[in-house]
Asks: 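The structure under discussion is supplied below as structure tokens; questions concerning it will follow.
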Amino acid sequence: VCEANPRTIVVVQAGSATSMPYVDKAAAILQAWYSGNEVGSAIADIVFGRVNPSGKLPITIPRRIEDIGPAAFNIKSENGKIRYAEDLFVGYRHYTRSGVKPLFPFGFGLSYSSLTLSDCKVSDAQGHDASSFSVNVSVSLTNLNGSGSKSSEVVQVYVTLPSTSKLTHPSRQLKAFWKFKDVPVGQGSSVMFKLNKYAVSYWDDGQNNWVAEAGEYKVDVGTSSADLPFNMKFTLKKGFTWSGL
């Protein structure tokens with residue numbers, strides 16, 4: 001179909017990643033999921049421009065099933081058990097670690113507008129324990145042009161724990177996100193994230209505590225796990241532990 005008509009729009013109704021051999025031939029791909037009785041009307045509104053799409057992928061879509069890492073080869077039980085061999089490196093964390101380029105990364109999604117992020121800043125770390133620790137991350141968004149309609153965009157904040165940590169951690173862990181909703185053309189909006197103890201801590205079963213280690217933390221900000229144009233750092237001068245919530 002795509003070879004006969006290069007302006008073909010492919011609509012995918014599926015609950016997870018699917019093979020997309022047409023990806024380089026279709027004019028557009030619309031991931032519709034399972035959207036209920038009115039899905040036809042919703043798809044028509046987007047295709048004909050009555051609604052400006054703003055959805056984002058909650059998963060990573062791989063190029064090949066082999067690209068998803070150990071999970072691709074642990075799909076059955078052995079002696080009544082299933083091995084989760086990917087360990088902490090699930091989803092986008094695997095792609096970040098391995099350098100394998102997915103077909104579409106976690107958080108990907110297009111609209112009919114041109115939106116840009118700017119003025120991204122990170123503050124110094126404040127506080128010295130779990131109850132007082134905080135770091136502020138600010139970012140602005142502008143709707144430059146496009147369809148002439150209001151547009152929405154999601155910004156994501158990822159944190160990488162210190163490279164000096166005694167344990168292995170996934171880099172670029174998603175710690176915060178925000179949706180700029182219905183931003184008019186030519187206008188902008190800003191958001192301030194307040195990162196707390198949850199953004200810098202991990203569970204240490206040896207200590208039976210949550211641990212935040214002293215060191216340099218990296219902060220990456222963007223619109224998907226593969227589109228993070230802002231790269232910043234802050235330093236936690238003194239580590240701390242905590243328990244409970």
Side-chain angles (χ1 to χ4, degrees), residues 56-60 68-72 74 81-100 102 105-108 117 120-139 154-180 190-245:
K56 298 293 181 177
L57 283 177
I59 61 174
T60 302
I68 67 176
N74 293 276
K81 296 181 179 180
I82 296 178
R83 293 183 63 241
Y84 290 92
E86 63 269 40
D87 197 53
L88 295 174
F89 299 92
V90 179
Y92 71 86
R93 297 175 174 184
H94 156 69
Y95 293 91
T96 300
R97 183 193 198 192
S98 66
V100 173
F106 168 70
F108 180 84
L117 299 178
C120 191
K121 300 176 183 178
V122 61
S123 71
D124 293 332
Q126 304 295 321
H128 59 278
D129 56 24
S131 62
S132 61
F133 170 81
S134 68
V135 167
N136 293 329
V137 179
S138 60
V139 64
V154 175
V155 60
Q156 301 178 333
V157 178
Y158 292 80
V159 174
T160 300
L161 303 188
S163 60
T164 54
S165 176
K166 64 179 182 178
L167 299 181
T168 299
H169 306 282
S171 60
R172 290 181 172 175
Q173 300 181 55
L174 180 67
K175 294 298 182 180
F177 61 91
W178 176 261
K179 187 168 189 175
F180 291 100
S190 299
V191 64
M192 174 82 75
F193 298 96
K194 186 174 183 179
L195 303 182
N196 56 20
K197 62 184 180 182
Y198 298 107
V200 296
S201 302
Y202 64 89
W203 178 256
D204 188 328
D205 56 2
Q207 297 188 45
N208 198 34
N209 263 327
W210 292 96
V211 175
E213 294 183 299
E216 183 179 81
Y217 290 74
K218 297 179 181 179
V219 179
D220 298 285
V221 178
T223 57
S224 79
S225 62
D227 183 15
L228 299 168
F230 298 102
N231 316 112
M232 302 161 292
K233 301 176 181 177
F234 68 87
T235 299
L236 180 59
K237 296 181 179 179
K238 184 179 179 180
F240 55 85
T241 62
W242 54 282
S243 60
L245 301 175

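Not measured: the values here are computed from a predicted model. Just the heavy atoms: all of them, side chains too, but no hydrogens, waters or symmetry mates, feed the values below.
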Asks: Quick one: pull up OG1 in Thr223 and CD in Gln156 and give me the separation to the nearest 0.5 Å.
Replies: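 Reported value, rounded in 0.5 Å steps: 7.0 Å.
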
Asks: Let me see the working for His169 and Leu167 under side-chain contact (heavy atoms from CB on, under 4.5 Å), right down to the final yes or no.
Replies: CA-CA 6 Å; His169 306 282; Leu167 299 181; 3.8 Å; yes

Asks: Give a yes or no on whether a salt bridge exists between Lys166 and Asp204, defined as a side-chain N under 4.0 angstrom from a carboxylate O.
Replies: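 Judged by the 4.0 Å cut-off on N to carboxylate O distance, Lys166 and Asp204 do form a salt bridge.
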
Asks: Once you round to the nearest 0.5 Å, how far does CZ of Phe133 lie from OG of Ser201?
Replies: 8.0 Å

Asks: Would you say that Val139 contacts Phe193 through its side chain, given a criterion of any heavy-atom pair below 4.5 Å between the two side chains?
Replies: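 Side chain of Val139 against side chain of Phe193, heavy atoms only: contact under 4.5 Å found.
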
Asks: So Thr60 and Tyr95, do their side chains get closer than 4.5 Å, heavy atoms only?
Replies: yes

Asks: Angle between ring planes, Tyr217 versus Phe234, binned at 30° and 60°: parallel, tilted or perpendicular?
Replies: parallel

Asks: What's the spacing between Tyr202 OH and Thr168 OG1 if we round to 0.5 Å?
Replies: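 These two atoms lie 10.5 Å from each other.
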
Asks: Nearest 0.5 angstrom please: Asp220 CG to Ser225 OG, how far?
Replies: 11.0 Å

Asks: Regarding Tyr84 and Glu86, is there a side-chain donor-to-acceptor distance under 3.5 Å anywhere?
Replies: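 The criterion, which ignores hydrogens and geometry beyond distance, is not satisfied for Glu86 and Tyr84.
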
Asks: For this output row, return yes or no: ring centroids of His128 and Phe240 closer than 6.0 angstrom.
Replies: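 Judged by ring-centre distance (under 6.0 Å), His128 and Phe240 do not meet the cut-off.
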
Asks: Report yes or no: is the cationic atom of Arg172 (NZ for Lys, CZ for Arg) closer than 6.0 Å to the six-membered ring centre of Tyr158, at no more than 45° off its axis?
Replies: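 Not flagged: Arg172 not positioned over aromatic ring of Tyr158.
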
Asks: Is there a side-chain contact between Ser171 and Arg97 in this structure, where contact means two heavy atoms from C-beta onward sitting under 4.5 Å apart?
Replies: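 SC-SC contact between Ser171 and Arg97 ruled out.
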
Asks: With no hydrogens and no angle check, just 3.5 Å: does a side-chain donor-acceptor pair link Ser224 and Asp227?
Replies: no

Asks: Considering only heavy atoms from C-beta outward, does the side chain of Phe230 approach that of Val122 to under 4.5 Å?
Replies: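 In short, these two side chains do not touch, never coming nearer than 4.5 Å.
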
Asks: Any side-chain donor-acceptor pair under 3.5 Å between Glu213 and Ser165?
Replies: yes

Asks: Could you report the tightest heavy-atom contact between Met232 and Cys120, atom names first, then the distance?
Replies: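 For Met232 and Cys120, the tightest heavy-atom pair comes out as CE-SG, 3.4 Å.
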
Asks: Over all heavy atoms of both residues, which pair between Ser132 and Gly127 is shortest? Give the atoms and the distance, please.
Replies: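 For Ser132 versus Gly127, the nearest heavy atoms are OG-CA, 3.4 Å.
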
Asks: Do Val155 and Phe180 have side chains that get closer than 4.5 Å, going by heavy atoms?
Replies: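 Yes, their side chains come closer than 4.5 Å.
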
Asks: With side-chain contact (heavy atoms from CB on, under 4.5 Å) as the criterion, how do Tyr92 and Leu174 come out once you've worked through the C-alpha distance, each side chain's angles and the decisive distance to 0.1 Å?
Replies: CA-CA 10 Å; Tyr92 71 86; Leu174 180 67; 3.4 Å; yes

Asks: Step through the shown structure and confirm whether more than 12 heavy atoms of other residues, nucleotides or ligands are within 6.0 Å of CH2 on Trp242.
Replies: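 Yes, because the 6.0 Å sphere around CH2 of Trp242 holds more than 12 heavy atoms from other groups.
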
Asks: Both conditions, 6.0 Å and 45 degrees, for the charged tip of Lys197 above the ring of Trp210: are they met here?
Replies: no

Asks: Given 3.5 Å as the limit, does a donor-acceptor pair link the side chain of Asp205 with the main chain of Asn208, or not?
Replies: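 Not at all, since once roles are kept as given, no pair shorter than 3.5 Å links the two residues.
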
Asks: How about Val221 and Val137: do any of their side-chain heavy atoms sit closer than 4.5 Å?
Replies: yes

Asks: Determine the minimum heavy-atom distance between Ala176 and Leu195, stating which atoms define it.
Replies: CB-CD2, 4.1 Å

Asks: Tell me, with the steps shown, if Asn231 and Lys218 meet side-chain contact (heavy atoms from CB on, under 4.5 Å).
Replies: CA-CA 7 Å; Asn231 316 112; Lys218 297 179 181 179; over 6 Å; no

Asks: Crowded around Lys56 NZ? As in, over 12 foreign heavy atoms under 6.0 Å?
Replies: yes

Asks: Could you state the interatomic distance from CD (Glu216) to NZ (Lys233), rounded to the nearest 0.5 Å?
Replies: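 The NZ atom of Lys233 is 4.0 Å from CD of Glu216, to the nearest 0.5 Å.
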
Asks: Donor-acceptor check, side chain of Asp87 to backbone of Phe89, threshold 3.5 angstrom: yes or no?
Replies: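 Judged by distance alone, no pair lies under 3.5 Å.
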
Asks: Report yes or no: does Thr235 contribute a side-chain atom to a donor-acceptor pair with the main-chain N or O of Lys237 at less than 3.5 Å?
Replies: no

Asks: Is any side-chain heavy atom of Val219 closer than 4.5 Å to a side-chain heavy atom of Val157?
Replies: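 The answer is yes, as the side chains (C-beta and beyond) meet within the 4.5 Å cut-off.
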
Asks: Measuring from Ile68:CD1 to Ser98:OG, what's the distance to the nearest 0.5 Å?
Replies: 11.5 Å

Asks: Contact between Arg93 and Gln173 at the side-chain level, heavy atoms closer than 4.5 Å - yes or no?
Replies: yes

Asks: Return the minimal non-hydrogen interatomic distance between Leu161 and Ala199, and the atom names on each side.
Replies: CD2-O, 4.2 Å

